[in-house]
Amino acid sequence: MSATAGPPRKKVTINTLRALHAKGTPIAMVTAHDFPSGLAADLAGVDMVLVGDSLAMVALGMEDTNQLTLDIMLHHCRAVARGCKSAFIIGDLPMGSYEISPEHAIASSLRMIQEGRVSAVKLEGGAEMAPTIARLTALGIPVLGHIGLTPQRNAALGGFRVQAKTVTGAKKLLHDARALEEAGVFGMVVEAVPEGVAEAVTRAVGVPTIGIGAGKGTSGQVLVQVDMLGNFPEGRFMPKFVKRYASVFEESKKGMERYTDEVRTGVYPQKEHTYPMSEQELDAFLEDTREERGRGTGTEE
């Protein structure tokens, strides 16, 4: 499969993102987890593609994101990068790959960039992660922060719950945002917080905020591609902030049901699905096989 389906658009860089932010143009980001999803996102014209640790659940069937290892993330980052040639690619640092020390985060981030072929890394956490982020950005490693609901820490947060719903919580979110900006992030994901709080945080910092479940007041939006495209069976829990733009799972299932039926009834394949051979060559081949069968059974005269 070709990695492109036409002339590639101009490469999105951090400067591109800063220009969009300066003009007040909302930034569009989606996740991707393999070559086809990366290619689709790139050709759709999104600005940023996140190889998110959500792939643990939506692509690998794991119970939560904390089962992912750095090696697994690197595998998926490489696959996405092969299909995504224009959008700005960010790789999620999975739990256990950056928390021990700044040196731990540096080593993991270098692997993500060198081996995973991403342009930046994302890590979760507020002011407590600012020293680590500052070390990364001082070395020229672009970092996207992530505050509000931080899924890797969902157990400590009491589950996947909306954050910053109180004055104290909102003040902490603002403090975290300012600390991350000072540490040098080029932007930050703000997840599952009230719209008014997210808008206030966006006004208070000078870098783009990318909202997910944070309303329209952020600098951009991100959704999990599998969720937004409906690539899951009916009945699965879906956060209220997800808008479904397609029904990929249902269409895929219908297509495979039709294929199975046509195979069993002999409708597929038809002549247009086969490769031709001249009648002369086919007759010679069949004659040769008949002679071989005859020699094998001792019936040749």
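Checking side-chain atoms of Q221 against main-chain N and O of G215 turns up a donor-acceptor pair under 3.5 Å. Side chain of T209 to main chain of T202: no donor-acceptor pair is present (N/O by atom type, distance under 3.5 Å, no hydrogens or angles). Remark: side-chain polar atoms of S108 are not paired, donor with acceptor, to backbone N or O of A105 under 3.5 angstrom. For the pair Q163 (side chain) and E191 (backbone), a donor-acceptor distance under 3.5 Å is absent. A donor-acceptor contact shorter than 3.5 Å is absent between the side chain of S37 and the backbone of A32. Put simply, the side chain of S219 never gets that close to the backbone of I27: no donor and acceptor are under 3.5 Å apart. Under the 3.5 Å distance criterion, the side-chain polar atoms of H273 are matched with a main-chain donor or acceptor of Q270. The closest donor-acceptor contact from the side chain of E182 to the backbone of L180 lies at 3.5 Å or more, if one exists at all. Formation of a donor-acceptor pair under 3.5 Å by the T150 side chain with backbone atoms of I147 is not found in this model.
Within the structure, ring-ring contact (aromatic ring centres under 6.0 Å, His included) contacts touching residues 85-126 (residues at least two apart or in different chains) are F88-F186. For residues 169-181, the pairs satisfying salt bridge (charged side-chain N to carboxylate O under 4.0 Å, His left out) are K172-D176, with sequence neighbours left out. For residues 22-40, no pair satisfies salt bridge (charged side-chain N to carboxylate O under 4.0 Å, His left out), with sequence neighbours left out. For the salt bridge (charged side-chain N to carboxylate O under 4.0 Å, His left out) condition, the pairs that include at least one residue of residues 268-287, sequence neighbours left out, are E287-R290. The list of ring-ring contact (aromatic ring centres under 6.0 Å, His included) pairs with a residue in residues 224-243, not counting sequence neighbours, is empty. Judged as a ring-ring contact (aromatic ring centres under 6.0 Å, His included), not a single pair has a partner in residues 201-227 (not counting sequence neighbours). Within the structure, salt bridge (charged side-chain N to carboxylate O under 4.0 Å, His left out) pairs that include any residue of residues 91-115 comprise D71-R111, D92-K122, E103-R135, R111-E115 (at least two apart or interchain).
Checked options I90, L93, V51; the residue passing with M112 is L93 (criterion: side chain to side chain contact (heavy atoms under 4.5 Å, CB included)).
Hydrophobic clustering (side-chain heavy atoms under 4.5 Å, transitive across Ile, Leu, Val, Met, Phe, Trp, Tyr) keeps V143 apart from I100. In the hydrophobic clustering of this structure, M95 does not group with V189; members are Ile, Leu, Val, Met, Phe, Trp, Tyr whose side-chain heavy atoms approach within less than 4.5 Å, directly or through other members. Linking ILVMFWY side-chain heavy atoms closer than 4.5 Å, directly or via other members, places F249 and V242 in two distinct hydrophobic clusters. Under the 4.5 Å side-chain heavy-atom criterion for grouping Ile, Leu, Val, Met, Phe, Trp and Tyr, V226 is not connected to L39 through any hydrophobic cluster. L43 and M29 are assigned to two separate hydrophobic clusters, defined by single-linkage of ILVMFWY side chains at heavy-atom distances under 4.5 Å.
By the 6.0 Å contact criterion, CD on E257 is enclosed, its count of non-hydrogen atoms from other residues, nucleotides or ligands being greater than 12. The number of heavy-atom neighbours closer than 6.0 Å to CZ of R117, taken from other residues, nucleotides and ligands shown, is 12 or below. Counting non-hydrogen atoms of other residues, nucleotides and ligands closer than 6.0 Å to CZ of R236 gives a total above 12.
Annotation: side chain of V121 is not in contact with side chain of L144 (no heavy-atom distance under 4.5 Å). Contact check for H76 versus M73: no side-chain heavy atoms found under the 4.5 Å cut-off. Between H146 and P151, some side-chain heavy-atom pair lies under the 4.5 Å cut-off. At a threshold of 4.5 Å between non-hydrogen side-chain atoms, the residues T65 and M57 count as touching. Under the 4.5 Å side-chain criterion, counting only non-hydrogen atoms from C-beta, V224 is in contact with V58. The side-chain heavy atoms of V162 and P194, taken from C-beta on, include a pair separated by under 4.5 Å. Using a 4.5 Å heavy-atom threshold, the side chains of V201 and L173 count as touching. Residues M228 and K243 form no side-chain contact, since every pair of their non-hydrogen atoms from C-beta on lies 4.5 Å or further apart.
Atom CG of L123 and atom OG of S109 lie 7.0 Å apart (nearest 0.5 Å). Within the model, atoms OH of Y245 and CG of L223 stand 6.5 Å from one another, a figure rounded to the nearest 0.5 Å. In this structure, the separation between OG on S119 and CD1 on I141 is 12.5 Å, given to the nearest 0.5 Å. The structure places OG1 of T218 at 8.5 Å from CD of E195, a figure rounded to the nearest 0.5 Å. We find the CE-CG distance between M48 and L20 to be 9.5 Å, quoted to the nearest 0.5 Å.
A salt bridge between E250 and K253 is present, with a side-chain N of the basic residue lying under 4.0 Å from a carboxylate O of the acidic one.
A198 and A214 make their closest contact through CB-O, 3.3 Å (heavy atoms, listed as atom of the first residue, atom of the second, distance). Listed here is the closest heavy atom pair of P142 and I14: CB-CD1, 3.6 Å. Minimum interatomic distance between S54 and T31 (heavy atoms only, all atoms of both residues): OG-CG2, 4.3 Å. The shortest non-hydrogen separation linking C84 to A87 is SG-CB, 3.6 Å. Nearest heavy atom pair, residue A40 against residue Q225, reads CB-OE1, 4.3 Å. Scanning all heavy atoms of the two residues, the minimum distance from A130 to A183 falls at O-CB, 3.5 Å.
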Could you go through L60 and L68, starting from their C-alpha distance and side-chain angles, then the distance that decides it, and tell me whether this counts as side-chain contact (heavy atoms from CB on, under 4.5 Å)? CA-CA 10 Å; L60 301 179; L68 275 186; 3.9 Å; yes
Just do the side-chain contact (heavy atoms from CB on, under 4.5 Å) check on L136 and I106 with the steps written out, would you? CA-CA 6 Å; L136 291 170; I106 290 168; 3.7 Å; yes
Candidate pair V49 and D42, rule side-chain contact (heavy atoms from CB on, under 4.5 Å), full reasoning: CA-CA 8 Å; V49 169; D42 203 39; 5.7 Å; no
Take L17 and D47, measure what side-chain contact (heavy atoms from CB on, under 4.5 Å) needs, and give me the verdict at the end. CA-CA 8 Å; L17 301 172; D47 304 303; 4.2 Å; yes
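Taking T132 as the reference, nothing meets the side chain to side chain donor-acceptor pair (under 3.5 Å) condition, with sequence neighbours excluded. With sequence neighbours excluded, no residue forms a side chain to side chain donor-acceptor pair (under 3.5 Å) with S86. Remark: Q67 pairs with M62, E63, D64 by the side chain to side chain contact (heavy atoms under 4.5 Å, CB included) rule, at least two apart or across chains. Residues satisfying the side chain to side chain donor-acceptor pair (under 3.5 Å) test with E262, not counting sequence neighbours, are R258.
D53 and Q152 are linked by a side-chain donor-acceptor pair at a separation below 3.5 angstrom, with hydrogens and angles left out of the test.
Side-chain heavy-atom separations under 4.5 angstrom define the hydrophobic clusters, and the remaining members of the one that includes V263 are Y259, Y268.
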